[in-house]
Amino acid sequence: MARLPVCPKCGSKQTSRVENFYRCADCRSDFGRKPYTDDGEPMAESVKGLRFRFGDLISGSVRLRMAEDLGPCLWEVYDTNDGDLDKYADVLDSEEWMTFKETLFSKLFYYDWDKEYIPVNDGREVRGNNEWEVDVIVNENEEYTCRGYDAYPIYWDGFMKLLDPFFNKLQKD
């Protein structure tokens, strides 16, 4: 039996499959529907780019930019920690780029993430230096942004694993 995904809203494992999406028994959220653009095209096929930033202006940040170029995807990764700038750029072929986008939407449920993540006021110290932002670009008029500081989506670890191959290139130089 296939394992059902956890709810991207509350993290519950009490989910069930309903037609072509999932439903959480705990928070009653529906998730995992195939997302479409404003023009009615499947999101995974239509996305033209992605921007990711993690860190802050004082201590530095890492950034990834991806842009589709007639099929393949040009990407570049930056690390500005400790006042230095390390950069690496390469290309994903069309198949790798499509696999990346499908993973983002069908396994990590990016379209179902909240738009903003902030820490719960539970007495823990918030350092505020772990700011992050993800922009998924469809075209010049449509993009989907999620951001936060010191708080993360349920699928954050999976998202970071998806980005690991890009950031690992910086460590090899």
Side-chain angles (χ1 to χ4, degrees), residues 1-54 62-78 88-117 132-148 151-172:
M1 182 173 192
R3 210 171 95 191
L4 293 172
V6 300
C7 175
K9 296 290 184 185
C10 72
S12 172
K13 294 180 181 178
Q14 302 301 315
T15 59
S16 59
R17 186 145 183 85
V18 179
E19 297 176 17
N20 61 347
F21 61 93
Y22 302 97
R23 179 164 291 144
C24 176
D26 289 340
C27 73
R28 304 270 187 226
S29 293
D30 291 341
F31 66 97
R33 284 187 170 93
K34 186 174 184 175
Y36 291 88
T37 67
D38 290 346
D39 296 331
E41 300 295 322
M43 187 72 68
E45 296 171 21
S46 301
V47 166
K48 301 298 180 213
L50 179 136
R51 289 186 303 261
F52 171 72
R53 173 186 56 81
F54 184 86
V62 290
R63 296 170 186 256
L64 172 66
R65 292 189 310 184
M66 306 175 92
E68 185 175 306
D69 186 21
L70 301 174
C73 173
L74 308 172
W75 62 271
E76 54 191 5
V77 62
Y78 300 88
Y88 186 89
D90 207 342
V91 176
L92 288 178
D93 66 34
S94 299
E95 187 175 318
E96 293 169 318
W97 175 229
M98 191 62 198
T99 300
F100 180 93
K101 295 187 293 183
E102 286 174 349
T103 300
L104 188 63
F105 290 106
S106 65
K107 293 183 179 157
L108 301 176
F109 305 106
Y110 177 78
Y111 196 75
D112 295 301
W113 291 11
D114 290 336
K115 300 300 173 214
E116 193 164 73
Y117 292 84
W132 61 272
E133 184 171 284
V134 180
D135 296 307
V136 173
I137 299 123
V138 177
N139 57 46
E140 61 275 352
N141 298 317
E142 186 176 359
E143 65 182 58
Y144 297 89
T145 302
C146 297
R147 64 176 58 94
Y152 307 94
I154 300 298
Y155 285 91
W156 182 258
D157 290 343
F159 178 68
M160 293 309 292
K161 285 181 184 174
L162 183 64
L163 300 186
D164 273 349
F166 305 102
F167 289 111
N168 287 341
K169 295 288 186 176
L170 287 173
Q171 296 172 1
K172 292 181 181 178

Which residues share a side chain to side chain donor-acceptor pair (under 3.5 Å) with [X], sequence neighbours left out:
X	value
Asp26	Ser12
Glu41	none
Thr145	Asp135
Asp30	Arg23

Any non-hydrogen side-chain atom of Val62 less than 4.5 Å from a side-chain atom of Phe166? no
4.5 Å side-chain heavy-atom contact, Cys10 and Cys24: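 Cys10 vs Cys24: side chains touch.
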Once you round to the nearest 0.5 Å, how far does [atom1] of [X] lie from [atom2] of [Y]?
X	Y	atom1	atom2	answer
Phe54	Phe167	CZ	CZ	10.0 Å
Asp69	Leu74	CG	CG	5.0 Å
Thr103	Lys161	OG1	NZ	13.0 Å
Glu142	Lys48	CD	NZ	11.5 Å
Leu163	Leu50	CG	CG	7.0 Å
Asn141	Asp38	CG	CG	9.0 Å

Is it true that a side-chain atom of Thr15 and a backbone atom of Leu4 form a donor plus acceptor pair closer than 3.5 Å?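 No, Thr15 side chain to Leu4 backbone: no donor-acceptor pair under 3.5 Å.
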Cation-pi check, Arg63 to Tyr78: give yes when NZ or CZ is under 6.0 Å from the six-membered ring centre and within 45° of the ring axis, no otherwise. no
What do you reckon, are the aromatic ring centroids of Tyr88 and Trp75 less than 6.0 Å apart? yes
Ring centroid separation for Phe159 and Tyr152, is it under 6.0 angstrom? no
Pair Lys34, Met43 - check side chain to side chain contact (heavy atoms under 4.5 Å, CB included), show working. CA-CA 8 Å; Lys34 186 174 184 175; Met43 187 72 68; over 6 Å; no
For [X], ring-ring contact (aromatic ring centres under 6.0 Å, His included) partners two or more places apart:
X	value
Tyr110	Trp113
Tyr22	Phe31
Trp97	Phe100

Over all atoms of both residues, closest heavy-atom pair of [X] and [Y]:
X	Y	answer
Cys73	Met66	SG-CB, 3.6 Å
Phe105	Pro35	CD2-CG, 3.8 Å
Phe109	Pro8	CB-CG, 4.2 Å
Ser94	Gly71	OG-C, 3.2 Å

For [X], all residues meeting side-chain contact (heavy atoms from CB on, under 4.5 Å), sequence neighbours excluded:
X	result
Val6	Lys13, Ile154, Tyr155
Ala151	Tyr117, Pro119
Pro165	none

Could you walk me through whether Val47 and Tyr144 pass side chain to side chain contact (heavy atoms under 4.5 Å, CB included), step by step? CA-CA 10 Å; Val47 166; Tyr144 297 89; over 6 Å; no
Any chance you could lay out the side chain to side chain contact (heavy atoms under 4.5 Å, CB included) test for Ile137 and Arg51, step after step, and finish with the verdict? CA-CA 8 Å; Ile137 299 123; Arg51 289 186 303 261; 3.3 Å; yes
Qualifying residues under salt bridge (charged side-chain N to carboxylate O under 4.0 Å, His left out), relative to Asp114, sequence neighbours excluded: Lys9
Summary of salt bridge (Lys or Arg N to Asp or Glu O under 4.0 Å) pairs that have at least one residue in residues 90-112, sequence neighbours excluded: Glu68-Lys101
Between Phe52 and Met160, does the side chain to side chain contact (heavy atoms under 4.5 Å, CB included) criterion hold? Intermediate values first, please. CA-CA 11 Å; Phe52 171 72; Met160 293 309 292; 4.0 Å; yes
